[in-house]
Every structure is written in structure tokens, then in C-alpha cells.
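To keep things clear, I will list the structure first and then write my remarks on it.
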Amino acid sequence: MSSILKHVRIGRVESYILEKLEEGPVHMTLLDPESIGIGRATRLAKIVEEEGSSAIMVGGSTVSSQYEMDEFVSTLKKNIDIPIIIFPNNVQALTKYADAVWYMSLLNSLEWYYIIGAQMQAAPFIKKYKIEAIPLAYIVFRGDTAVSAIGRALPIPDNQPEIVVAYGLAAQYLGYRFLYLEAGSGAPSPIPSRIVKIVKEYVEIPVIVGGGIRTSEQARELVEAGADIIVTGTLAEEDIDKLRRLIQTIKNYKRR
Ligand code: 1GP
């Protein structure tokens, strides 16, 4: 590659994710330091690692203390081998102990801050601590979730796939390397699989789906529709056996 393009590098964690995606769909587990203590989080992280979840994402819409993030992530780091990726709600969610950060922009926010402001403020920290930044376009559905309220999203209706496709293509053309379709943590149901199917017909960057996924059947339907990465958060706290089955379903799924 030309030396002028040396900044365009795929880091260790992103390469690992891409390699996993060559084998099939991937599961990631989201742990929210605001809703779960570090002791329980560590136990859950060990279980999901053993079961085959490919990464731990740490974050939540109300994370407010960098000190707590440092403690949470550094403790997890000592106990598991799979990568820990920050899923930041804001600048204070950054911690130098993580392996990577989803460097994300909430594309359908009404607020400059969530599209580029927080990212601008976070950039010097990321440079200073050499955190791997993985460019991610984030799109929020539904209006009644914390992420939607805090991120001032103009939520995309479930019946407007062509708008999602347009956002997805824009994300791809702008150089984002992943597209996250978010129903919101704790949503009563995931985004419809038909949206994922249509997006996958047009958008080539890997598609992450999260929010409201509680059963193996829902996960199977989404990966059948083409979801590349399935994220579950609440389920780890609610029902670990159900989560084990869900991870197995994704692991055993073979693309036709
Ligand atoms: C939220 O997509 C994640 O950002 C996970 O949502 O907690 O509903 O699994 P759940």
C-alpha cells in the first residue's frame, strides 16, 4: 500500500472480527457498568467467552464516570481473553484499558454533538493512548428508549427500509466500516428482519443488529436475513441459559 495511505490500517481487533466473520455470523455481549456490578460482569464475561461470544462490548446510555469505566474494563481484561470494545455513550466512557472503541457516529441524531462533536473531543485521547478506533455508523430505531432520548435521534420507522438503505449506503461511501442497526437496549422486540434483509441487498459493510434480542429464534431470523453481528445486552443479566442457547444458535448457523 502507498505510504500516503498508511493511516488506513485495519487494527488487531477489527482484523479479528473480520476473520471471525469469514467463518459466519458473530455474537457480541454488551455489559453495562451502570446496571451490573463488576463481580457479576466478570462471571458473565467468562461464561459467554467460554460459550463462544466473540467480544465484550462495554457501555450504556447513562455511563457517566471514566473512573468507573477504567475499573470495570481493567478488571474484565484480567479475566478474559476475547477483546473488550468500548461502546461509548459519550467522551467519559473512554478508557485506555480497552482493546478498541467503536468510533461511532449517531447518523440520525438531530444533534451535531452526537454526529461529530463527541468524536472530535474524544480524538486526542484516542491518539494519546493508542486505542484502536473502529469506524461505525450507528442508526437508531424506535423513539421510546434511552439511546433515542439521550442521542436525540429522529427514529427511523420500522416500515421504511429504503431510508435505512440510504443511510447505510451513505455510511459506506463515507468510509465507515460497520453499520449498527439499533432498536435500543431493553426494546420489547428487535428491529424487523426484513429491514436487515433489504439493507444487506445494497450495503456491503458488515451489519450489526442489537436491541431487544431475547431468543434464539429472533437471533436466527436476523442472521438468516443477513445480520453479520448480533449484540445482546439485557439477556446476559436476565437469563444466562437462554443466552448460552442463543450464542450456540449463532455459532452453529451456516450461511447457505
Ligand atoms: C443496546 O443493542 C444493545 O445497545 C443491546 O440491547 O440490552 O436489548 O440486548 P439489549
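Every number for a ligand or one of its atoms is a count from 1 in the order of the listing. Hydrogens, waters and symmetry mates are skipped; everything else that's a heavy atom, side chains included, is used.
- Residue Q160 qualifies as enclosed at atom CD: its count of foreign heavy atoms under 6.0 Å is above 12.
- Formation of a donor-acceptor pair under 3.5 Å by the N108 side chain with backbone atoms of I139 is not found in this model.
- With ligand atoms numbered from 1 in the order given, ligand 1 contributes 4 (O) to contacts under 4.0 Å with heavy atoms of F87.
- The heavy atom nearest to atom 10 (P) of ligand 1, out of those in V140, T234, I208, is found in T234.
- Between T232 and ligand 1, not a single N/O pair is under 3.5 Å apart.
- Contact check on R177 versus E14 returns a salt bridge, with a Lys/Arg side-chain nitrogen under 4.0 Å from an Asp/Glu carboxylate oxygen.
- Residue L30 has at least one heavy-atom neighbour below 4.0 Å for each of these atoms of ligand 1: 1 (C), 3 (C), 4 (O), 5 (C).
- A pairwise comparison of heavy atoms in A171 and A137 identifies CB-CB, 3.4 Å as the closest pair.
- Checked against a 3.5 angstrom limit, the closest N/O atoms of G212 and ligand 1 fall inside it.
- Looking at L235 next to ligand 1, no N or O pair under 3.5 Å apart turns up.
- Residue contacts with ligand 1: G186 is placed with a nitrogen or oxygen under 3.5 Å of a nitrogen or oxygen of the ligand (distance criterion only).
- The only member of Y180, F178, Y103 that meets ring-ring contact (aromatic ring centres under 6.0 Å, His included) when paired with F87 is Y180.
- In summary, R142 and D158 engage in a salt bridge, as defined by a charged side-chain N under 4.0 Å from a carboxylate O.
- To the nearest 0.5 Å, the span separating OG1 on T29 from CD on E51 amounts to 10.0 Å.
- The shortest contact between atom 3 (C) of ligand 1 and any protein heavy atom is with Y180 OH, 3.5 Å.
- Protein heavy atom nearest atom 4 (O) of ligand 1, with residue, atom name and distance: E182 OE2, 2.4 Å.
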